[in-house]
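For the single chain, residues carry numbers from 1 onward in sequence order.
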Amino acid sequence: MSPARLRSSAVVVSVVAVSLIAGQPAAAGAASSPRSIPHAAALPAGRATAALATRSPFPGKSATQIKRISTTAAAKARTVHVKGSVRDPELGPITVDIVIAANGARGTLTLTKSAASARLIRVGNTLFLQPDARFGGRDWAPDGELAGKWIRITRDDAEYWEMASLTVISGWARLIGDLRVTQRADGGVRGGTPTVRIHLPGSRGGSIYVASTGPAFPRLIVTHDKTVRFALYDWNAAVAPISRPAADLIIG
């Protein structure tokens, strides 16, 4: 596998990570900040806001304080299932469906526009990427000779760091910690769990829906402009063992 072909596959993965973690500008007039996420009506001001904070979950906590509580809960979790999409201006919607455990992860990335997909596995500190012909680009798997193979990506490869954040819980916890939120509201029930919505209002803002019963896990991240939407669920659920691909299918 040539470096060029590996980069052509890695770029799609990095679009997801960079789109989420690099962020977007805050609302007009504000300083640039990491991407925040959807909206809802702003909380009432003054005494009404104070009353809501008193009788609601996380009494007396600001949106930023709730985010810190949620980030801490996420970082301590053993497993999670992340599923959603980010829309890239050129590539179109990129769907991520990945199960993450302490020592590994497995999932799929799909480009809706081109019907391309890639499987991704992490075992320990090694990543394995299995892109199909569409995902990897025109020069991937000439004559089908590499079809079904897995590209080994280690920490010595520059592409590793572009992909790894999608496959570890700490990467998603850092993402949540980077998001700017200024207000809180009732988030309704998400996946059967009552939530509090912490958000940055405005067309460039968004929301994090945080579980208000049990551990304060983030349940949903969504931007107001609908370019990003990720559900996070099955926190601490049992995950079947994640294994390396068969040795004869690994290249690199």
Side-chain angles (χ1 to χ4, degrees), residues 10-27 30-39 63-88 91 93-102 104-109 120 122 127 159-184 187 190-191 195-200 202 204-211 215-236:
V11 70
V12 175
V13 184
S14 65
V15 161
V16 178
V18 171
S19 294
L20 290 168
I21 296 172
Q24 65 180 20
S32 178
S33 68
R35 180 185 294 273
S36 301
I37 347 192
H39 79 285
T64 299
Q65 289 171 324
I66 295 172
K67 182 186 71 171
R68 289 173 183 160
I69 294 170
S70 186
T71 300
T72 299
K76 292 180 178 179
R78 300 183 304 276
T79 66
V80 68
H81 191 159
V82 180
K83 187 173 183 179
S85 66
V86 55
R87 187 170 68 236
D88 180 73
L91 297 172
I94 303 172
T95 299
V96 176
D97 186 351
I98 188 165
V99 174
I100 305 172
R106 59 167 169 260
T108 304
L109 298 100
L120 183 64
R122 176 180 62 83
L127 295 173
E159 292 81 7
Y160 177 90
W161 302 104
E162 296 177 346
M163 302 186 198
S165 61
L166 295 179
T167 69
V168 292
I169 291 177
S170 60
W172 290 93
R174 283 194 301 271
L175 161 65
I176 295 162
D178 285 344
L179 300 175
R180 184 171 177 237
V181 294
T182 60
Q183 298 186 18
R184 56 172 288 172
R190 302 286 168 174
T195 67
V196 168
R197 182 170 62 87
I198 53 177
H199 63 108
L200 176 70
R204 298 187 181 185
S207 300
I208 308 169
Y209 292 78
V210 177
F217 293 132
R219 304 288 300 189
L220 177 67
I221 300 172
V222 55
T223 54
H224 179 65
D225 63 6
K226 300 181 180 179
T227 58
V228 174
R229 183 181 181 90
F230 281 95
L232 301 94
Y233 55 102
D234 288 345
W235 288 97
N236 287 333

Just verifying a value: how many Å separate [X] [atom1] and [Y] [atom2], rounded to the nearest 0.5 Å?
| X | Y | atom1 | atom2 | value |
| --- | --- | --- | --- | --- |
| Arg106 | Ile100 | CZ | CD1 | 12.0 Å |
| Ile176 | Thr72 | CD1 | OG1 | 10.5 Å |
| Leu175 | Leu166 | CG | CG | 9.5 Å |
| His81 | Ile98 | NE2 | CD1 | 9.0 Å |
| Lys67 | Thr182 | NZ | OG1 | 10.5 Å |

Are any of the side-chain heavy atoms of [X] and [Y] separated by less than 4.5 Å?
| X | Y | value |
| --- | --- | --- |
| Phe217 | Leu232 | no |
| Asp234 | Thr79 | no |
| Val82 | Trp172 | yes |
| Leu109 | Val96 | yes |
| Arg122 | Val168 | yes |
| Val196 | Ile66 | yes |

Looking only at heavy atoms, what is the nearest atom pair of [X] and [Y], with distance?
| X | Y | answer |
| --- | --- | --- |
| Gln183 | Ala63 | O-CB, 3.3 Å |
| Arg219 | Ala211 | CG-N, 4.0 Å |
| Thr223 | Thr227 | OG1-N, 3.1 Å |
| Arg87 | Asp225 | NH2-O, 3.5 Å |

Would you say [X]'s side chain and [Y]'s backbone share a donor-acceptor pair under 3.5 angstrom?
| X | Y | answer |
| --- | --- | --- |
| Asp97 | Gly107 | no |
| Trp235 | Pro218 | yes |
| Thr167 | Ala105 | no |
| Ser70 | Ala216 | yes |
| Arg180 | Thr64 | no |

Arg174 and Thr71: side chain to side chain contact (heavy atoms under 4.5 Å, CB included), yes or no, with the steps?
-> CA-CA 7 Å; Arg174 283 194 301 271; Thr71 300; over 6 Å; no
Do other residues, nucleotides or ligands put more than 12 heavy atoms under 6.0 Å from Arg68 CZ?
-> no
